[in-house]
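What follows is a single structure, written as structure tokens, with notes after it.
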Amino acid sequence: MQKLGKNDRMQKAFLQNINHEIRVPLKAIKTLAATVGQEDLYLSKNEKRNISDQMVYNSNLVSTLVDELVMFANADETVALKVESFSPNALCRRCLEANVQNIYHRKAVKMQFRRELNDEFFIHSDRHLVELIINKLVVNACRFTEEGEVSVGCNLEEFPDCLTISVSDTGVGIPENRLGNIFTFFEEPDDVKDEAELDLSICSKLAEKLGGRLYHDAAHQKGTRMMLVLPLR
């Protein structure tokens, strides 16, 4: 009975978060579609491209949320990884570009890729799951950063025989009294304080499926730095 109660709480919290998150991109898509559909509207090539990019970005957000639902539904099952070879540099740049819309209204925030590896360096892992994790970490970083920068980088120095993908920001940071619970949703659903912690818990679970770990960098001085550590196959 205790386990059933915990599962019910997890399901309720997760679905409430998904319900909230999915309405934002759907509303944006609806607004953009209505704009394009105006008969007397003239759009330049740049304006058309901007609207197209926004619609693709928000559609990708919906797709990501659906992926999370599938992952949550199979939380206790072993999911077969689709391992392929890909460039982590290229993947990180793609995630940054996909989230540019999140900081358009904040001129004081810049997005930056920190190039520490050659672009010719490739890793073998499930590209889609890695992208999902990085994307959610970047979304969270953008959410809590009003000025400064959101940066992503890859390195081979921090953990032996592993690739470290870091997402850093100069935002408000995580309160010290909540650092111990940011990855615990799947163990203690009642301890989740906001959707950012839920997102981090999901990212941590996905990292484990990849054979890696998600860490919070306690040494990072201003803002937050999360590290996705993946084994080199």
Side-chain angles (χ1 to χ4, degrees), residues 17-70 82 84-123 125-154 165-171 195-196 199 203 223-224 226 228:
N17 182 70
I18 289 291
N19 179 60
H20 168 71
E21 285 196 32
I22 206 167
R23 289 178 183 275
V24 176
L26 286 177
K27 182 179 179 180
I29 292 170
K30 182 178 179 180
T31 300
L32 292 166
T35 300
V36 174
Q38 296 179 24
E39 294 183 1
D40 58 345
L41 180 68
Y42 171 77
L43 296 173
S44 66
K45 289 184 178 180
N46 287 337
E47 288 171 330
K48 289 179 181 178
R49 173 59 63 88
N50 183 45
I51 289 177
S52 175
D53 289 345
Q54 290 186 57
M55 292 185 76
V56 170
Y57 168 71
N58 283 286
S59 297
N60 287 339
L61 279 184
V62 174
S63 178
T64 296
L65 292 169
V66 172
D67 289 337
E68 288 179 26
L69 279 171
V70 173
K82 298 179 181 178
E84 59 183 294
S85 177
F86 61 90
S87 163
N89 280 4
L91 191 64
C92 289
R93 289 189 181 103
R94 173 174 167 172
C95 289
L96 283 174
E97 291 169 0
N99 285 283
V100 167
Q101 303 294 334
N102 280 331
I103 61 166
Y104 265 179
H105 64 292
R106 293 176 231 172
K107 302 300 184 184
V109 180
K110 295 182 179 179
M111 300 188 97
Q112 179 176 336
F113 174 69
R114 298 188 180 279
R115 186 173 180 272
E116 301 174 70
L117 296 176
N118 291 328
D119 289 341
E120 292 75 20
F121 176 81
F122 278 63
I123 186 174
S125 189
D126 188 313
R127 183 196 58 77
H128 180 66
L129 288 187
V130 175
E131 183 174 9
L132 201 161
I133 295 170
I134 300 172
N135 188 62
K136 289 200 73 64
L137 293 178
V138 172
V139 168
N140 267 337
C142 292
R143 184 186 300 164
F144 296 105
T145 305
E146 293 296 331
E147 61 180 12
E149 69 175 33
V150 172
S151 63
V152 179
C154 309
I165 301 175
S166 65
V167 178
S168 308
D169 64 65
T170 55
E195 62 189 52
D199 286 341
C203 289
T224 302
M226 304 303 300
L228 171 61

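Throughout, numbering of the chain's residues begins at 1 and tracks the sequence. Computed over heavy atoms, backbone and side chain alike; hydrogens, waters and symmetry mates excluded.
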Please report the shortest heavy-atom distance between [X] and [Y], naming the atom on each side.
| X | Y | result |
| --- | --- | --- |
| V138 | M111 | CG1-CE, 3.7 Å |
| V130 | I165 | CG1-CD1, 4.1 Å |
| L32 | M55 | CD1-CG, 3.5 Å |
| L96 | V150 | CD2-O, 4.4 Å |
| P88 | F86 | CD-O, 3.4 Å |

Heavy-atom distance under 4.5 Å between the side chains of [X] and [Y], does that happen here?
| X | Y | result |
| --- | --- | --- |
| N140 | M226 | no |
| V152 | C95 | no |
| C142 | V109 | no |
| V139 | R143 | yes |

Out of curiosity, [X] [atom1] to [Y] [atom2], how far, rounded to the nearest 0.5 Å?
| X | Y | atom1 | atom2 | value |
| --- | --- | --- | --- | --- |
| I51 | T35 | CD1 | OG1 | 6.0 Å |
| K45 | S52 | NZ | OG | 14.5 Å |
| N89 | L117 | CG | CG | 5.5 Å |
| H128 | I133 | NE2 | CD1 | 10.5 Å |
| S125 | R127 | OG | CZ | 11.0 Å |
| R114 | E149 | CZ | CD | 4.5 Å |

Salt bridge or not for R93 and E97, using N-O below 4.0 Å?
->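 Salt bridge absent between R93 and E97.
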State whether the side chain of D169 and the backbone N or O of G223 hold a donor-acceptor pair below 3.5 Å, judged by distance alone.
->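 Between the backbone of G223 and the side chain of D169 there is no qualifying donor-acceptor contact (under 3.5 Å).
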Taking T170 for the side chain and E147 for the main chain, is one N or O donor matched with an acceptor at less than 3.5 Å?
->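 At least one qualifying donor-acceptor pair exists.
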N46 and R49: side-chain donor and acceptor closer than 3.5 Å?
->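 No, no side-chain donor-acceptor pair sits under 3.5 Å.
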CZ of R115: more than 12 outside heavy atoms within 6.0 angstrom?
->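 Check passes, neighbour count above 12.
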